[in-house]
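Report on the structure given below.
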Amino acid sequence: MNHFSQEIIAIVPAAGIGSRMQAQCPKQYLPLAGSCILSVTLNVLLSHPAISRVVVALHPQDEYFAKLPEAQHPKLTQVIGGGERVDSVIAALASLHEVDAWALVHDAARPCLTHQDIDKLIASQRQFPQGAILAAPVRDTMKRASGNGCIDTTVPREALWHALTPQFFPALQLKQILQQAVAAGVNVTDEASAMEWAGIMPGLVSGRADNIKVTHPDDLPLAQLYLSHHQHIKQALE
Ligand SMILES: Nc1ccn([C@@H]2O[C@H](COP(=O)(O)OP(=O)(O)OP(=O)(O)O)[C@@H](O)[C@H]2O)c(=O)n1
Ligand SMILES: C[C@](O)(CO)[C@H](O)COP(=O)(O)O
C-alpha cells in the first residue's frame with residue numbers, strides 16, 4: 001500500500017496502432033526483453049506495491065492481448081479504448097468504482113519506467129496535491145523551424161521540459177476535466193494539458209530521461225539497451 005489513504009490505480013492507454021513505428025503489428029506488441037513492450041510496461045505497474053490494480057485500454061480489434069500472460073493477472077482489468085489516446089484514458093477512468101482513487105496514467109509505449117520514478121511521483125502528492133507528472137528537463141538547444149526547412153528562432157530552454165508519463169491525478173476530477181476539454185475541442189495529448197486548460201497547474205517531477213516512449217523504429221533498440229542497463233544495476237545491487 002502507499003502512505004496515503006487513497007487507492008492508486010494505474011491506467012494504461014494501449015489502444016493505439018503505432019503507425020509511426022511502421023511495424024507489422026501494433027507497436028505495443030513488438031518483442032522486447034523476452035516478451036513484448038506492453039507486457040514489460042504492465043509488469044512494472046503490476047509489481048509496484050502502491051498500485052492497487054491496473055486498467056488497460058485496448059483497441060476494439062485487438063487480437064494480441066488475450067495471448068499475453070498478463071491478461072490473466074488478478075490485478076488487471078481491460079476496457080475498450082477510443083479513437084484518440086484521451087478517449088482511451090476516459091474509457092478506463094469511466095470503469096473505476098473506487099471512491100477517492102488517484103489515477104496514475106502511463107503509456108503502454110513507455111516500458112523503461114522504474115519503480116523509483118513511480119515512488120517519486122507518488123511521494124510528490126504532498127507537495128503537489130493538485131497532481132503532477134514525470135518530466136525531463138530539455139538538454140539541447142531548442143530551435144523553432146520556419147516554413148522553408150530552416151531555423152526560424154532559438155527557443156530559450158531554461159523552462160522547457162519533456163512531458164513523460166505516468167501522470168498522476170485524482171481520478172474522478174481527471175475524468176471530468178478530460179471529458180470537458182474534449183467537449184470544448186481542446187487538443188488533449190496528455191492529461192496535464194487538460195488540467196492546465198481547466199486552470200489547474202500540475203507539478204513537474206524530474207524523472208529519468210530513459211523513460212522513453214517507443215515511437216519510431218530506432219526507439220526499440222534504445223529501449224532494449226535501457227532495460228538491460230536497469231537489469232545490470234538491479235543485479236549489482238543484489
Ligand atoms: N486511440 C489511442 C491512441 C493511442 N493510445 C495509446 O497512447 C499511448 C501513446 O500514444 P502514441 O505513442 O502516439 O501511440 P500510437 O497512437 O499507437 O502511435 P502513432 O501515433 O504512431 O500511431 C500508446 O501507448 C498508445 O497505445 C491509445 O490508448 N488509444
Ligand atoms: C502522453 C505523452 O506521452 C506525453 O509526452 C505523449 O503526448 C503521448 O504521445 P502522443 O504521440 O502525443 O499520443
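Counting convention: from 1, in listed order, for ligands and their atoms alike. In what follows, residues are counted from 1 in the order of the sequence shown.
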Say whether [X], considering both its backbone and side-chain N or O atoms, lies within less than 3.5 Å of an N or O atom on ligand 2.
X      : result
Thr189 : yes
Arg110 : yes
Ala163 : yes

Which of the numbered atoms in ligand 2 are under 4.0 angstrom from any heavy atom belonging to Asp190? 1 (C)
Subset of ligand 1 atoms that lie under 4.0 Å from at least one heavy atom of [X]:
X      : answer
Lys213 : 11 (P), 12 (O)
Gly83  : 1 (N)
Ala109 : 24 (O)

Got a sec: does the CG of Asp152 have more than 12 other heavy atoms crowding it under 6.0 Å? yes
Without swapping roles, check the side chain of Thr215 against the backbone of Lys213 for a donor-acceptor pair under 3.5 Å.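 Yes, Thr215 side chain to Lys213 backbone: donor-acceptor pair under 3.5 Å.
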Report yes if [X] has an N/O atom closer than 3.5 Å to an N/O atom of ligand 1; otherwise report no.
X      : answer
Thr215 : no
Arg20  : yes
Ala14  : yes

Give me the residue, atom name and distance of the protein heavy atom closest to [atom].
atom                    : result
atom 9 (O) of ligand 2  : Lys213 CE, 3.1 Å
atom 8 (C) of ligand 1  : Asp107 OD1, 3.7 Å
atom 29 (N) of ligand 1 : Ser88 OG, 2.8 Å
atom 1 (N) of ligand 1  : Gly82 O, 2.8 Å
atom 13 (O) of ligand 2 : Arg85 CD, 4.1 Å
atom 6 (C) of ligand 1  : Pro13 O, 3.4 Å

Quick one: does His162 get a heavy atom under 4.0 Å from ligand 2? no
Compute the minimum heavy-atom distance from Arg20 to ligand 2 and say whether it is under 4.0 Å. yes
Heavy-atom distance to [atom]: which of [options] wins?
atom                    : options                : value
atom 18 (O) of ligand 1 : Gly18, Ala15, Gly16    : Gly18
atom 3 (O) of ligand 2  : Leu164, Asp107, Ile133 : Asp107
atom 12 (O) of ligand 1 : Met21, Arg85, Lys27    : Lys27

Just checking, any donor-acceptor pair under 3.5 angstrom between side chains of [X] and [Y]?
X      : Y      : answer
Ser47  : His115 : yes
Thr41  : Arg110 : no
Tyr226 : Asn211 : no
Asp210 : His229 : no

Give a yes/no verdict on whether any heavy atom in Gly81 is under 4.0 Å from an atom of ligand 1. no
When the ring centroid of Trp102 is compared with that of Phe169, is the distance short of 6.0 Å? no
Pair Arg85, Glu191 - check salt bridge (charged side-chain N to carboxylate O under 4.0 Å, His left out), show working. CA-CA 10 Å; Arg85 179 185 178 280; Glu191 288 62 57; 2.6 Å; yes
Specify the closest pair of heavy atoms between [X] and [Y], including all atoms of both residues, with the distance to one decimal.
X      : Y      : value
Lys75  : Ser52  : CE-O, 3.2 Å
Leu178 : Ala194 : CD2-CB, 3.6 Å
Ile212 : Asp219 : CD1-O, 3.7 Å

Partner of Pro166 by side chain to side chain contact (heavy atoms under 4.5 Å, CB included), out of Val105, Leu134, Val205: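 The passing option is Leu134.
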Rounding to 0.5 Å, atoms NE2 (His162) and CD1 (Ile133) come to a distance of 12.0 Å
